[in-house]
Amino acid sequence: NLALERLQTNDAEEHAILKIKLETEIQQLEQQLQQMRATYQLNSEKLEYNFQVLKKRDEENTVTITQQKRRIARLQDVVNNLRTKVAKQDKSLASESSSLAEDFR
């Protein structure tokens with residue numbers, strides 16, 4: 001009977017120790033979970049912010065590219081007009097030179 005009581009007492013003590021150990025582990029795991037949730041939330045906010053920054057930059061770059069394309073088109077028009085003027089002037093000068101050469105003869 002005494003041995004049975006000792007066995008029950010030992011089992012009760014071991015059970016209490018194990019219960020305290022498991023409850024401590026549960027608390028630690030719950031703290032880790034809270035920390036992970038906080039980290040996740042912070043990372044989500046950072047990612048969202050960075051996404052918005054990149055989106056804004058992309059919009060600005062699109063506007064800049066459009067402006068540059070228009071500028072290139074205008075400059076190409078200027079170049080083409082100048083080439084046309086040079087070609088006309090070359091033709092005119094060649095004709096004038098030919099005319100002067102004939103008059104000199």
Do S92 side-chain atoms and K88 backbone N/O form a donor-acceptor pair below 3.5 Å? no

CD-OG1 distance between Q32 and T39, expressed to the nearest 0.5 angstrom: 11.0 Å

Checking S98 side chain against A94 main chain: does a donor-acceptor pair fall under 3.5 Å? no

Return the CG to CG distance between L100 and L93, rounded to the nearest 0.5 Å. 10.0 Å

Here the gap from T9 atom OG1 to E13 atom CD, rounded to the nearest 0.5 Å, amounts to 6.5 Å

Between E45 and Q41, is the side chain to side chain donor-acceptor pair (under 3.5 Å) condition met? List the steps. CA-CA 6 Å; E45 289 171 6; Q41 180 67 29; 2.9 Å; yes

Strictly distance-based, threshold 3.5 Å: is any side-chain N or O of S99 a donor or acceptor partner for the main-chain N or O of S95? no

Return yes if some donor-acceptor pair links the side-chain N/O of D58 with the main-chain N/O of L54 below 3.5 Å, else return no. no

Interatomic distance, CD@E30 vs CD@E23, rounded to 0.5 Å, equals 10.5 Å

In Å and rounded to the nearest 0.5 Å, what is the NZ to CD distance from K55 to E48? 8.0 Å

Distance from T84 atom OG1 to N80 atom CG, nearest 0.5 Å? 6.5 Å

Looking only at the side chains, is there a donor atom on one of Q27 and Q31 sitting less than 3.5 Å from an acceptor on the other? no

